[in-house]
Amino acid sequence: MRTLVTSFADAFRSLRQNFLQTFLSMLGVIIGVAALVAMLSLIDGLEQLARDQISSRTNLEMMAIQPKGSDELDGVRVERDTVARFNRRLMTDLLADLPQPAQAQLTTGGAAIGVARDTQRLGINFRATTFPILDDDFRLLTGRWPADTLPQVLAKAEVVVNRALARKLTAPDTSLAVAIGQTFTLLGGTVSVIGVVGREEDEPPTDGADLGLILPYAHLELLPAVNGKDTRLLLEFASVEDVLPAKTFLEPWLENRFAGIDDAVSIQTYEGYLEGIGQGFLVFRIIMGLLIGIAVVVGGVGIMNVMVMSVVERTAEIGIRKAIGANRRMIVAQFLSESVALSVIGSLLGTILGIGVAMLGGPIIKIFLEDLDFSAVFTLTTLLVVVIVAVLIGTVFGTYPALRASRMDPVVAIQRG
């Protein structure tokens, strides 16, 4: 540690005594490290922007776990005799054991024929779910949401319907509120409309041709024709980065939970997007790093030039140190430490310059792309890369001058000095 402190002091002394020469020699390191820091920070910003934009268009934070209900044998799909069943207890246990914070939702659905009070037949897409609903942005237009429990006195399943189904149950020119209280038969039971949902206020009177409804998962007991074997479990995580670690945890957890069923479930994520983003930007970083590495190598040659000149100028000092007992290892350590110190100083200046360039990059890009919310991202990884580069430059390009100094004959060195 003492040698390192002394070496830094010697490096500052060399910079002060031969400022222009030493600074120009370090300029390659300063420019190379600045370019490296700016490049890494801007690429991290681009990666974050890509993730945010994909997240706004897809549910990257979502994971769907679904029981496997069939197998394919010789090109023929065969239904399984035993299928994994999901329920609230499994959902609760999973959330309790999962290392990553998440929300969960049980959901199942399908298509069925409903019959209104006027004997009108309705082709309805139904969905039973626990609350909150994670994968949709439905907004309640009128009425209320059903309770996520099954009261003992309830005889009819409570549902919310979309606009299209609400219009089927009422006259076209009436308010959506008229649909509240309407009943019809579905899946062997009776359902009662308690709310109407939609997606946007300015939508047309119908949500398209599909007639849809949502009911609480607990109310499936009132619809005997539903077996619930197609129930799937949805998970929503706080961060995209939690999805893949959670999948790694859940695969053995579910295998143990359904130990009697071979390959019981399938886990679906958007990991292809995540891996593609990561691999694409990794390749970009490597290519840009190799290009910027040329400037870093040039900077390293400058450091070596300074150290060679330092060895020549301090020939007598080296001879005296060896004459009073300094061995080759001590001489090598001294000059290597000075080389690393010069490299660290240059890298520090380059880091400051690179941060400034990266911070200017965001506003400049916004001038040309006003709608793009882009900014550089500074991470601990970038700082770690800079530290490694600084040490490598100092070590690699300081080795030759250090060895040259250590091999001097003390008598000859004193005489030359």
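Heavy-atom basis, side chains included; hydrogens, waters and symmetry copies ignored.
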Which distance, rounded to the nearest 0.5 Å, do you find between the [atom1] of [X] and the [atom2] of [Y]?
{"X": "Thr142", "Y": "Ile180", "atom1": "OG1", "atom2": "CD1", "value": "5.0 Å"}
{"X": "Thr183", "Y": "Leu169", "atom1": "OG1", "atom2": "CG", "value": "9.0 Å"}
{"X": "Thr231", "Y": "Leu90", "atom1": "OG1", "atom2": "CG", "value": "11.0 Å"}
{"X": "Leu186", "Y": "Leu122", "atom1": "CG", "atom2": "CG", "value": "9.0 Å"}
{"X": "Ile124", "Y": "Ile113", "atom1": "CD1", "atom2": "CD1", "value": "8.0 Å"}
{"X": "Asn256", "Y": "Glu251", "atom1": "CG", "atom2": "CD", "value": "14.0 Å"}

Side chains of [X] and [Y]: closer than 4.5 Å at any heavy-atom pair?
{"X": "Leu235", "Y": "Leu250", "value": "yes"}
{"X": "Val193", "Y": "Phe184", "value": "yes"}
{"X": "Leu222", "Y": "Leu215", "value": "no"}
{"X": "Asp44", "Y": "Thr381", "value": "no"}

Answer yes if the side chains of Arg127 and Thr107 hold a donor-acceptor pair under 3.5 Å, and no otherwise. yes
Just by distance, with hydrogens left out, do Thr170 and Gln182 show a side-chain donor and acceptor under 3.5 Å apart? no
Set of salt bridge (Lys or Arg N to Asp or Glu O under 4.0 Å) partners for [X], sequence neighbours left out:
{"X": "Asp242", "answer": "none"}
{"X": "Glu236", "answer": "none"}
{"X": "Lys68", "answer": "Asp263"}
{"X": "Arg121", "answer": "none"}

Measure across [X] and [Y] and return the closest heavy-atom pair with its distance rounded to 0.1 Å.
{"X": "Asn162", "Y": "Asp210", "value": "ND2-O, 3.1 Å"}
{"X": "Ala358", "Y": "Ala38", "value": "CB-CA, 4.1 Å"}
{"X": "Ala104", "Y": "Leu134", "value": "C-CD1, 3.9 Å"}
{"X": "Leu187", "Y": "Ala112", "value": "CD2-CB, 3.5 Å"}
{"X": "Gly69", "Y": "Val83", "value": "CA-CG2, 4.1 Å"}

Sequence neighbours excluded - ring-ring contact (aromatic ring centres under 6.0 Å, His included) pairs with any residue from [range]:
{"range": "residues 89-132", "answer": "Phe131-Trp145"}
{"range": "residues 291-311", "answer": "none"}
{"range": "residues 146-165", "answer": "none"}

Please say whether more than 12 non-hydrogen atoms of neighbouring residues, nucleotides or ligands are located less than 6.0 Å from [atom1] in [X].
{"X": "Glu255", "atom1": "CD", "answer": "no"}
{"X": "Gln120", "atom1": "CD", "answer": "yes"}
{"X": "Asp148", "atom1": "CG", "answer": "yes"}

Would you please name every residue forming a side chain to side chain contact (heavy atoms under 4.5 Å, CB included) with Val265, sequence neighbours left out? Ile65, Ala84, Phe86, Leu254, Phe258
Sorted by chain and residue number, the side chain to side chain contact (heavy atoms under 4.5 Å, CB included) partners of Glu158 (sequence neighbours excluded) come out as Arg144, Pro146, Leu154, Ile194, His219
After noting the C-alpha distance and the side-chain angles of Arg139 and Leu141, does the key distance pass the side chain to side chain contact (heavy atoms under 4.5 Å, CB included) rule? CA-CA 6 Å; Arg139 185 174 55 84; Leu141 302 177; 3.3 Å; yes
Output, in order, the C-alpha distance, side-chain angles, deciding distance and verdict of side chain to side chain contact (heavy atoms under 4.5 Å, CB included) for Leu176 and Arg167. CA-CA 7 Å; Leu176 292 175; Arg167 291 305 185 199; 3.6 Å; yes
Output side-chain donor-acceptor pairs under 3.5 Å for residues 92-103, partner residues at least two apart or in another chain, one line each.
unit_1	atom_1	unit_2	atom_2	d
Thr92	OG1	Arg88	O	2.9
Asp93	OD2	Arg257	NH1	3.1
Asp93	OD2	Arg257	NH2	3.0
Asp97	OD2	Trp253	NE1	2.9

Excluding sequence neighbours, so at least two apart, what forms side chain to side chain donor-acceptor pair (under 3.5 Å) with Ser70? Arg77
Mark yes or no for whether Asn87, through its side chain, and Arg89, through its backbone, hold a donor-acceptor pair below 3.5 Å. yes
Within the distance-only criterion (no hydrogens, no angle test), does the side chain of Thr119 pair as donor or acceptor with the backbone N or O of Val115 below 3.5 angstrom? no
Can I get a per-line list of side-chain donor-acceptor pairs under 3.5 Å for residues 346-353, giving both atom names and the distance, sequence neighbours left out?
unit_1	atom_1	unit_2	atom_2	d
Ser347	OG	Ser343	O	2.8
Thr351	OG1	Ser347	O	2.7

Give the C-alpha distance, both sets of side-chain angles, the deciding distance and a yes or no for side chain to side chain contact (heavy atoms under 4.5 Å, CB included) between Leu223 and Val191. CA-CA 9 Å; Leu223 306 178; Val191 300; 4.0 Å; yes
